[in-house]
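This chain uses plain numbering: 1 for the first residue, then up along the sequence.
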Amino acid sequence: MSVMPSSGSALEAGVLVVGAGPTGLVLACDLARQGVPFRLVDAAPQGFAGSRGKGLQPRTLEILEDLGVAGRALASGAPLPLMSSWRDGEMTAEWDMITRTGPTPDAPYGEPLMLPQWRTQEILRERLRELGGRVEFGTRLTAVTQDADGVTARLETADGPAAEVRAAWLVASDGGRSTVRSLLGTPFTGHTVDPDPMLVADVRLEGLPRTHWHTWRDHPSGMLALCPLSATDAFQLIAGFAAGEPDPSPDAVRALIAERTGLTAGAVDWSSVFRARAAMAERFREGRVFLAGDAAHVHSPAGAQGLNTGVQDAYNLGWKLGHVLRHGAPDALLDSYQAERLPVAAEVLGFSTRIHRGTGQAGSKLMGHRGREAHQLDLHYRTGPLSRETRTGLPEGALRAGDRAPDAPCATDGGQPVRLFDLFRGTHFTLLATGSAADALEDAAETAGPPVRAPRVTDTEGHVERAYGDGLFVVRPDGYVGLATEDVAEVREYVAGFGKG
């Protein structure tokens with residue numbers, strides 16, 4: 001860690017968030033709606049302009065719904081199109097790359113949504129402004145140190161002198177080349193998933209239907225794919241290179257498209273070269289500093305997992321910071337962030353790598369089929385320190401503490417239709433009582449106290465009991481089951497660890 005004397009000044013923010021990509025923006029929105037003072041800084045002069053992480057998985061859409069912006073994402077995005085294969089100027093085959101289940105009572109989003117990353121970030125910035133927050137662009141962190149009371153960071157801008165800021169906690173969401181992680185000296189180890197470089201770009205071209213994600217897989221230099229981007233008239237180009245180094249200049253990108261497809265491209269809005277790599281930080285917490293998103297783990301783009309995993313990092317950490325800073329929860333609650341998210345990140349890295357290393361020539365492996373595992377709905381914290389399952393005799397496949405809390409249609413006491421997700425929305429804990437435990441709801445709610453909301457609902461179609469089974473369930477603010485029990489007394493004991501409401 002860089003050495004810098006502590007200023008000893010009063011805290012200016014509860015949390016300093018470094019990096020305003022999807023991870024940092026989701027965290028900032030969550031902090032803002034909890035009333036946690038924060039600053040969100042980013043070294044770039046403006047928001048990211050490329051399409052890079054264009055696939056939003058169903059679990060991410062659920063998080064965006066909780067933050068109040070799923071409707072905006074759906075209005076701007078589109079389902080992933082069918083794939084197509086081209087040869088000698090003709091479409092020769094088509095197939096579906098993803099599993100599409102459609103909405104179900106327990107999961108309202110049955111397939112990924114395609115939305116360019118720049119638009120996802122734009123939507124999140126809009127929401128952040130509505131919540132009273134903003135991004136400080138052109139603000140670079142150059143040094144950081146910490147003591148028992150907080151973190152001191154040096155921030156530099158292009159048009160002013162360097163300044164120090166004091167915060168209780170710092171979250172690094174500043175990407176795979178994280179400055180914060182480097183200053184901390186946190187080991188970041190991994191391996192190259194594919195030695196062949198790839199080029200990704202956003203291009204304008206005519207004469208290609210926007211009905212498919214088009215691929216040319218037979219060129220000796222490598223595959224090329226063109227995917228129509230929703231909310232634009234552009235296509236995202238992905239090209240593999242079996243030999244040589246890609247040239248990301250506009251003229252070279254246009255020449256590449258002409259050579260491999262015979263098409264004529266126009267403007268090139270954005271381009272980048274990368275090599276697929278999988279790596280993870282040895283620790284996600286260093287004292288008062290947390291690593292999230294690509295600063296904590298980087299993935300192959302196969303399976304569209306990187307952006308989505310970073311969003312879940314933020315969603316896991318945000319409510320915990322809020323409960324420590326606003327509700328008097330012990331700092332030890334924050335230890336659960338690494339305990340829960342590091343194993344998940346390792347699992348997702350393995351999944352992305354397996355997809356990428358499927359059979360096929362350079363780059364074409366990215367087009368392989370991916371099923372429900374990619375949706376991130378089944379990732380869980382069953383072995384985490386906040387999950388407590390005390391029921392016995394559960395059948396195989398039963399919902400358990402640590403699992404994502406399913407959605408379900410039901411009705412209020414007044415007979416108004418409502419979904420469980422409507423009741424979960426926000427920053428509170430929710431107590432559900434189902435099946436034979438339903439009569440214990442009022443007693444459990446009284447013993448739980450203010451941090452928990454205990455709505456009384458009618459299971460009009462039986463979907464709640466089918467999803468949850470019998471028991472008392474405390475659902476965390478991030479939509480995971482924390483406690484599953486049949487004992488009213490255990491509700492009070494569990495909730496007491498998260499401070500006062």
Using the side chain to side chain donor-acceptor pair (under 3.5 Å) rule, take S51 and Q236 through it: C-alpha gap first, then chi angles, then the decisive distance, then the call.
CA-CA 7 Å; S51 65; Q236 185 192 66; 2.9 Å; yes

Could you check whether any side-chain heavy atom of F137 comes within less than 4.5 Å of a side-chain heavy atom of P45, counting everything from C-beta outward?
no

Where V36 and G322 come nearest, the two heavy atoms and their spacing
CG2-CA, 3.8 Å

Between R140 and E156, is the salt bridge (Lys or Arg N to Asp or Glu O under 4.0 Å) condition met? List the steps.
CA-CA 5 Å; R140 182 182 302 277; E156 296 183 359; over 6 Å; no

Going by heavy atoms in the side chains, are M97 and L80 under 4.5 Å from each other?
yes

Compare every heavy atom of A225 with every heavy atom of W213, then report the nearest pair and how far apart it is.
NE1-CB, 3.6 Å

Are D403 and R382 close enough, and set up right, to give a side-chain contact (heavy atoms from CB on, under 4.5 Å), and what steps lead you there?
CA-CA 6 Å; D403 290 349; R382 289 185 179 182; 2.7 Å; yes

Please lay out, stage by stage, how E62 and Y109 fare under the test side-chain contact (heavy atoms from CB on, under 4.5 Å).
CA-CA 8 Å; E62 293 180 355; Y109 307 102; 3.8 Å; yes

How long is the span from the OG1 atom in T430 to the CG atom in L420, to the nearest 0.5 Å?
9.0 Å

Got a donor-acceptor contact below 3.5 angstrom from the S271 side chain to the P248 backbone?
yes

Working to the nearest 0.5 Å, report the span between CD of E206 and CG of L263.
11.0 Å

Taking the side chain from D42 and the backbone from A20, do they hold a donor-acceptor pair closer than 3.5 Å?
yes

For the residue pair L205 and A265, what are the closest heavy atoms and their distance?
CB-CA, 3.9 Å

Value rounded to 0.5 Å, distance of CZ in R72 from CG in L67:
10.5 Å

For the residue pair W86 and H214, does the interplanar ring angle fall in the parallel (under 30°), tilted (30 to 60°) or perpendicular (over 60°) class?
perpendicular

Output for pair (S336 OG, R285 CZ), nearest 0.5 Å, gives 9.5 Å

Beyond-backbone contact of L184 with V289, side-chain heavy atoms, under 4.5 angstrom:
yes

If the threshold is 4.0 Å, N to carboxylate O, is there a salt bridge linking D66 and R425?
no

Check: T139 main-chain N/O paired with T157 side-chain donor or acceptor under 3.5 Å
no

Of T309, L377, N308, the residue whose pairing with Q57 passes side chain to side chain contact (heavy atoms under 4.5 Å, CB included):
N308

L40 side chain reached by L25 side chain, heavy atoms, under 4.5 Å
yes

Can you say whether the rings of Y337 and F290 are parallel (under 30°), tilted (30 to 60°) or perpendicular (over 60°)?
perpendicular

Please determine whether side-chain contact (heavy atoms from CB on, under 4.5 Å) holds for the pair V17 and V41, giving the CA-CA distance in whole Å, both sets of side-chain angles, and the decisive distance to 0.1 Å.
CA-CA 6 Å; V17 184; V41 302; over 6 Å; no

Separation between OG1 of T92 and CZ of R87, rounded to the nearest 0.5 Å
5.5 Å

Just so I know, are the side chains of Q338 and R283 near enough to count as touching, which here means a heavy-atom distance under 4.5 Å?
yes

Tell me whether the rings of F48 and W270 are parallel (<30°), tilted (30 to 60°) or perpendicular (>60°).
perpendicular

Could you tell me whether the side chain of R181 and the main chain of A296 form a donor-acceptor pair under 3.5 Å?
no

Look only at the side chain of R59 and the backbone of R404, and say whether a donor-acceptor pair between them is shorter than 3.5 Å.
no

I257 backbone acceptor or donor facing T261 side chain under 3.5 Å:
yes

Between R260 (side chain only) and M223 (backbone N and O only), is there a donor and an acceptor less than 3.5 Å apart?
yes

Can you give me the closest heavy-atom contact between L307 and G53, atom names plus distance?
CD1-O, 3.5 Å

Evaluate the salt bridge (Lys or Arg N to Asp or Glu O under 4.0 Å) criterion for residues E122 and R125: first the C-alpha distance (whole Å), next the side-chain angles of each, then the deciding distance (0.1 Å), finally the verdict.
CA-CA 5 Å; E122 185 177 71; R125 287 196 302 271; 5.1 Å; no

What are the two closest non-hydrogen atoms of R119 and S76, and how far apart are they?
NE-OG, 3.0 Å

Using modelled atom types and a 3.5 Å cut-off, is there a donor and acceptor pairing between side-chain atoms of R210 and backbone atoms of L229?
yes

Checking side chain to side chain donor-acceptor pair (under 3.5 Å) for the pair S249/D251: CA distance, chi angles, key distance, verdict?
CA-CA 6 Å; S249 68; D251 286 344; over 6 Å; no

Modelled atom types, side-chain donor and acceptor of E94 and S84, under 3.5 Å
no

Go through E340 and R476 one step at a time and tell me if the salt bridge (Lys or Arg N to Asp or Glu O under 4.0 Å) criterion holds.
CA-CA 14 Å; E340 291 183 338; R476 301 168 9 167; 2.7 Å; yes

Should L317 and F284 count as side-chain neighbours, where that means a heavy-atom distance under 4.5 Å?
no

Measure the shortest side-chain to side-chain distance between V298 and F188 over non-hydrogen atoms and say whether it is less than 4.5 angstrom.
yes

Could you tell me which non-hydrogen atom of S173 sits nearest to which non-hydrogen atom of G19, and how far apart they are?
OG-O, 2.8 Å

Exam field: side chain D96 to backbone L82, donor-acceptor pair closer than 3.5 Å
no

Passes side-chain contact (heavy atoms from CB on, under 4.5 Å), T427 versus D30? Steps please.
CA-CA 8 Å; T427 61; D30 201 14; 4.2 Å; yes

With rounding to the nearest 0.5 angstrom, report the CG to CH2 distance, D88 to W216.
12.5 Å

Just wondering, do L237 and V253 contact through their side chains at under 4.5 Å, heavy atoms?
yes

Looking at E245, I want to see if its CD is surrounded by more than 12 non-hydrogen atoms of other residues, nucleotides or ligands under 6.0 Å.
yes

If we ignore hydrogens and angles and just use 3.5 Å, is the side chain of D313 paired with the main-chain N or O of G293 as donor and acceptor?
yes

H323 and F429: aromatic ring centres closer than 6.0 Å?
yes

